[in-house]
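Below: the structure, in structure tokens.
Side-chain atoms are counted along with the backbone in the values below, which use heavy atoms only and exclude waters and symmetry mates.
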Amino acid sequence: MEFNSLCVLGLGYIGLPTASSFATQGLRVLGVDVNPDIVETLRNGDVHIQEPGLRTLVQAAIRSGNLRVGAHPEPCDAYIIAVPTPIQEDQRADLSFVVAASQAITPHLRRGSLVVLESTSPPRTTEGVVAPILEKSGLRAGTDFHLAYSPERVLPGQILRELIENARVIGGVTRTSAEAGRDLYGVFVKGEIILTDATTAEMVKLMENTYRDVNIAVANEFARLAERFGVDVWEAIELANRHPRVSILRPGPGVGGHCISVDPWFLVEAAPDLTPLIRTARQVNDGQPQHVASSIEEALRGLKGRRLSALGLSYKAEVDDLRESPALEVCRLLAARGAALATYEPFAPTATVQGARTAATLEEALRGAEAVILLVDHKSLRGIEPDAAARWMAGRFAFDTRGVWDRAAWKRAGFDLHVLGTGQRDG
Ligand code: SAJ
């Protein structure tokens, strides 16, 4: 099949780079977003998301004349739905954006059109939620129009490269629908394109992120065990990973972001009776900020009025994204327990935490502090000079939740350095 026009609904982390990539390959693309601020920003040649290389790509797409942005879809050969599927208070997926996007496409649907859902969704969403809405057009999915699910699998911070190079799974409600999807993504994807059915493709996405969440949960539990038994978990993991069939991930202050901390719940919601392990892994990772805050409180023998400096607020290194960030949660807990906290996030210098002071520079964050806590392993924070920290700070307590600081150097500078997952052995 050949596609000349495409409408991408949702211009976020996935929709915007996807729309731009198609446009720079010559397709006529309409990017649609319900948020008028996003449409306005893009029309003004600006980009609302920080991601390496994205600004250049979007500007090239707009300059080429192939990428337009607007608030409503128009008749096109193909439609990609890339809207958020947030999690509600009760840990169930909020599909209202997927529903609204499907409803917006329905009046424009024609015989032979292709619709692809990319948003991470519970199993059977494509067949059970999207298809019935689109079929209100009077056309039948898989017979009159093509319908497929294709999960995005790109890593924030490396989106542009991974969008092109990663293998892409396309699951159709029929084989012909999957093939239509392959013809569309083949325009810019260089990785392998693998065809399957829609529900398998939905499961693949959820399984990938759940596997990672469970692996991190076991690493966090190993860290707690190591603390109790006087072991250094970082050394133990490194040694265990020498085994040819073992690959343990890294412990830390918890799991954040809008994917791994959310997606496993979609499986728990779909089948609570079958998912005790997945649920427990989520609870272990969600409990990690609490564990870190309590470890700091214990090591400092109390938090009330203590002047602490927390470094890093984003959900992981080298991104400005604060969604579901465990670092933020640790800060909230420390502030709530009475610490006089200063925070510093180099990728989002104006980000605030209730009850804490926002520092614009590292020096401002550290000046006069009794204790420094590393929450995110940004390159610039990993490489902090302990001697400089010692000059600015009033106290000599340091806590590394990422296992990255050079222990000998911090000790040489006079610090009492505590590292998550390392227990003290008596004697
Ligand atoms: N983390 C650890 N220990 C580790 C690895 C990560 O504590 O060893 C923490 C991070 O600090 C962060 C969280 O886990 O808080 C998630 O970070 P991440 O880098 O593992 O993943 P995301 O959420 O940025 O991106 C994931 C990726 N999925 C997988 O690697 C299976 C990406 O490929 C997906 O496209 C993305 O989710 C998504 O959109 O679903």
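Judged by distance alone, with hydrogens and angles left aside, the side-chain atoms of N166 form no donor-acceptor pair with the main-chain N or O of G191 at under 3.5 Å. The main-chain N or O of A413 is never found under 3.5 Å from a side-chain atom of D387 such that the two would form a donor-acceptor pair. Within the 3.5 Å criterion, the main-chain N or O of L249 finds a donor-acceptor partner in the side chain of N215. No donor-acceptor distance shorter than 3.5 angstrom exists from the side chain of S102 to the backbone of L134, with no hydrogens or angles considered. Without hydrogens or angle criteria, W234 side chain to P251 main chain gives no donor-acceptor distance under 3.5 Å. No side-chain donor-acceptor contact under 3.5 Å links R282 to the backbone of P264. R212 places no side-chain N or O within 3.5 Å of a backbone atom of I260 that could act as its donor or acceptor partner. Side chain of T275 to backbone of I278: no donor-acceptor contact under 3.5 angstrom is found. The backbone N or O of A365 lies less than 3.5 Å from a partner atom in the side chain of S309, making a donor-acceptor pair. Using a distance-only test at 3.5 Å, with no hydrogens or angles considered, no donor-acceptor pair links the side chain of D46 to the main chain of T41.
The side-chain heavy atoms of L114 and D77, taken from C-beta on, include no pair separated by under 4.5 Å. Between H243 and R245 the shortest side-chain heavy-atom distance falls below 4.5 Å. Within the 4.5 Å cutoff, side-chain heavy atoms of V69 are placed close to those of L11. In this structure, V58 and L16 have side chains that are in contact, with non-hydrogen atoms separated by less than 4.5 Å. Counting only heavy atoms from C-beta outward, the side chains of I105 and I81 approach each other to under 4.5 Å. Residues F3 and V187 have side chains not in contact (no heavy-atom distance under 4.5 Å, counting atoms from C-beta outward). Residues S261 and D213 are not in side-chain contact: their nearest non-hydrogen atoms beyond the backbone lie 4.5 Å or more apart. Inter-residue side-chain proximity for F266 and T125 is flagged as unmet; no heavy-atom pair is nearer than 4.5 Å.
None of T126, I133, V83 except one satisfies the side-chain contact (heavy atoms from CB on, under 4.5 Å) rule with V98; the exception is V83.
The number of heavy-atom neighbours closer than 6.0 Å to CD of E298, taken from other residues, nucleotides and ligands shown, is 12 or below. By the neighbour-count criterion of 12 heavy atoms within 6.0 Å, atom CD of Q354 is sparsely surrounded, having that number or fewer from other residues, nucleotides or ligands. R382 CZ: more than 12 foreign heavy atoms inside a 6.0 Å radius.
A donor and an acceptor atom, one from each side chain of H291 and E227, are located under 3.5 Å apart. T174 and S177 share a side-chain donor-acceptor pair at under 3.5 Å. In this model, a donor atom of one side chain and an acceptor atom of the other lie less than 3.5 Å apart for D197 and T200. Side chains of H378 and E345: a donor on one and an acceptor on the other come within 3.5 Å. With hydrogens and angles left out, the side-chain atoms of H418 and D416 include a donor and acceptor closer than 3.5 Å. Donor-acceptor pairing under 3.5 Å is recorded for the side chains of S150 and R168. In this structure, a donor-acceptor pair under 3.5 Å is present between the side chains of R224 and Q288.
Below 30°, between 30° and 60°, or above 60°: for H258 and Y315 the angle between ring planes is above 60°, a perpendicular geometry.
In summary, R337 and E297 engage in a salt bridge, as defined by a charged side-chain N under 4.0 Å from a carboxylate O. At a threshold of 4.0 Å, the pair R306-E370 counts as salt-bridged, since one of the basic side-chain nitrogens sits closer than that to a carboxylate oxygen. Look at R175 and E179 and you find a salt bridge, because one of the NZ, NE, NH1 or NH2 atoms lies within 4.0 Å of a carboxylate O, short of that distance. Using a 4.0 Å cut-off between charged side-chain N and carboxylate O, R250 and D377 make no salt bridge. Salt-bridge annotation for E208 and R153: present, with a side-chain N of the basic residue lying under 4.0 Å from a carboxylate O of the acidic one.
Contact record, T358 with P349: CG2-O, 3.3 Å, taken as the closest heavy-atom pair.
The CD atom of E329 sits 11.5 Å away from atom CG of L375, with the distance rounded to the nearest 0.5 Å. The structure places CD of Q158 at 10.5 Å from CD of E318, a figure rounded to the nearest 0.5 Å. Here the CZ atom belonging to R124 is positioned 15.0 Å from the OH atom belonging to Y149, to the nearest 0.5 angstrom. For the atom pair CG (D320) and CG (L313), the distance works out to 11.5 Å, reported to the nearest 0.5 Å. L328 contributes atom CG, which lies 11.0 Å from atom CG of L333 (distance to the nearest 0.5 angstrom). Once rounded to the nearest 0.5 Å, the distance linking CG of L155 with CZ of R161 reads 9.0 Å.
Taking the centre of each ring, F397 and F415 stay at or above the 6.0 Å mark.
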Determine, step by step, whether L381 and L374 satisfy the side chain to side chain contact (heavy atoms under 4.5 Å, CB included) criterion, reporting the C-alpha distance in whole Å, the side-chain angles of both residues, the deciding distance to 0.1 Å, and the verdict. CA-CA 8 Å; L381 300 178; L374 179 71; 3.7 Å; yes
